[in-house]
Amino acid sequence: MWVYGDDRVHDVRTELAPGTPAPALGAPVRFLGYLAQGRRDAGAPPLPRHRPGARTVLASVGGGQDGAALTRALLRTALPEGVELVLLPGPFAPADLRAELDAAAAARDDLHVVTFTGAAADWAAEADAVVCMGGYNTVSEVLATGTPALVVPRTSPRREQEVRARALAAHGHLDVLLAPGPARLSAWVAGALARPRAARTGIALDGLDAVRRRTGELLAGALLAGAPSAGELPAAPALATVPAALPDLAEVPRAC
């Protein structure tokens, strides 16, 4: 069983079934690290800004199906002077919310609304602070940066995001907020912007490389295990018989 995480942060062998012996999971467990480093794209566009050099808060609510409350709270959040908000509401945000966002973006010079981007990992590294929901990919992208981050996790119908966020917060890798009101968001943003950036250490973030390495080991082992011994190899044809087995090139259809 491969776990795309770090057992120092969250050990599924004990956390998913407290008091249950690890063998009850039914398979050996290998922790490969978070799939965090290696997601950035050297050709990604820069983080949008109205004013060159403006400090920026990047806010992401995942796909947008259940991020309306956080999105509206962010729209009402007071930003420090000279700070801009880049808001990713998700491609599945409700139509009425998208209308609100369009109106707000047209009226404000400190707000950018981007429905979808493939540059989220790069923007998270470039931003001065990140506010996001707690999906695995979003959190992994943030962990690979030194950007202060606040996670507002989904708590229903599943608590997976909350479990992830609380475990990472307990180790100092990010902050967690369950009730995203504008006042609390504003206070967090002010504090985060006053904080120095710092790379996240003491956590395995090289899961993408670990998956490649481990897959290569398994494939190489399988190939070696299935390779025939020297005695099992078919006899090579005599050189004199090889040309006779080949078709005349003039007979090969042109369509080939």
Side-chain angles (χ1 to χ4, degrees), residues 1-18 25 29 31-37 39 57-75 77 85-94 97 114-121 123-125 127 129-182 184-185 187-189 191-192 200 202-205 207-208 211:
M1 181 183 295
W2 289 4
V3 178
Y4 300 149
D6 187 330
D7 57 341
R8 294 170 294 181
V9 174
H10 186 267
D11 191 340
V12 297
R13 296 169 299 187
T14 56
E15 297 292 341
L16 293 186
L25 289 175
V29 177
F31 291 85
L32 298 178
Y34 289 92
L35 309 184
Q37 295 170 343
R39 288 173 172 259
V57 177
L58 176 68
S60 172
V61 296
Q65 302 96 322
D66 54 2
L70 175 57
T71 300
R72 289 190 168 101
L74 286 162
L75 285 177
T77 296
L85 173 65
V86 177
L87 181 55
L88 309 179
F92 304 112
L97 178 58
V114 182
T115 301
F116 176 79
T117 178
W123 288 4
V130 172
V131 178
C132 62
M133 292 185 70
Y136 182 89
N137 288 304
T138 300
V139 170
S140 293
E141 289 167 353
V142 170
L143 289 176
T145 76
T147 309
L150 174 69
V151 174
V152 182
R154 176 195 301 122
T155 58
S156 176
R158 294 171 295 278
R159 295 182 56 213
E160 163 241 340
Q161 291 193 4
E162 181 184 359
V163 170
R164 176 181 301 112
R166 287 187 182 278
L168 289 165
H171 289 77
H173 299 302
L174 46 78
D175 299 320
V176 178
L177 179 61
L178 297 182
R184 298 180 73 182
L185 288 171
W188 182 86
V189 167
R200 291 170 170 88
I203 179 173
L205 301 175
L208 287 170
V211 167

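Residue indices begin at 1 and follow the sequence shown.
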Check against side-chain contact (heavy atoms from CB on, under 4.5 Å), Trp188 and Leu177: CA-CA 9 Å; Trp188 182 86; Leu177 179 61; 5.9 Å; no
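- No more than 12 heavy-atom neighbours from other residues, nucleotides or ligands sit within 6.0 angstrom of CZ on Phe116.
- Expressed to the nearest 0.5 Å, how far NE2 of His10 lies from CZ of Arg166 amounts to 12.5 Å.
- Of all the heavy atoms in Gly64 and Pro94, the pair that sits closest is O-CD, 3.8 Å.
- For Thr117 against Val114, the heavy-atom pair with the smallest separation is CB-CG1, 4.2 Å.
- Here the side chain of Gln161 pairs a donor or acceptor atom with the backbone of Gly134 at under 3.5 angstrom.
- A side-chain contact (heavy atoms from CB on, under 4.5 Å) with Leu150 is found for one member of Leu174, Leu185, Val176 and no other, namely Leu185.
- No side-chain donor-acceptor contact under 3.5 Å links Tyr4 to the backbone of Tyr136.
- One distance of note links CZ of Phe92 with CG of Leu97; it measures 14.5 Å at 0.5 Å rounding.
- In plain terms, the two heavy atoms of Ala129 and Ala192 that are nearest each other are CB-CB, 4.1 Å.
- By the 4.5 Å heavy-atom criterion applied to side chains, Trp123 and Val130 are not counted as neighbours.
- Residues passing the side chain to side chain donor-acceptor pair (under 3.5 Å) test with Gln65: none are found, sequence neighbours excluded.
- Of the possible polar contacts, one joining the Arg200 side chain to the Thr147 backbone as a donor-acceptor pair under 3.5 Å is found.
- Residues that satisfy the side chain to side chain contact (heavy atoms under 4.5 Å, CB included) test with Ser60, not counting sequence neighbours, are Leu88, Cys132, Thr138.
- Qualifying side chain to side chain donor-acceptor pair (under 3.5 Å) partners for Arg39, counting only residues two or more places apart in sequence or in other chains: Asn137.
- Across every non-hydrogen atom of Val61 and Gly90, the tightest pair is CG2-N, 4.4 Å.
- The heavy-atom pair separating Pro180 from Ala73 by the smallest distance is O-CB, 2.8 Å.
- For Asp6, the side chain to side chain donor-acceptor pair (under 3.5 Å) test picks out Arg8, with sequence neighbours left out.
- Using a 4.5 Å heavy-atom threshold, the side chains of Leu75 and Leu87 count as touching.
- Every residue two or more places apart in sequence or in another chain was checked for a side chain to side chain donor-acceptor pair (under 3.5 Å) with Gln37, and none qualifies.
- Annotation: side chain of Ile203 is not in contact with side chain of His171 (no heavy-atom distance under 4.5 Å).
- For Thr155, the side chain to side chain contact (heavy atoms under 4.5 Å, CB included) test picks out Glu162, Leu178, with sequence neighbours left out.
- Residues Val139 and Tyr34 have side chains not in contact (no heavy-atom distance under 4.5 Å, counting atoms from C-beta outward).
- Across Leu58 and Ala127, no two heavy atoms sit closer than the pair CB-CB, 3.9 Å.
- Here the OG1 atom belonging to Thr77 is positioned 8.0 Å from the CG atom belonging to Leu85, to the nearest 0.5 angstrom.
- Once rounded to the nearest 0.5 Å, the distance linking CG of Asp66 with CZ of Arg154 reads 4.0 Å.
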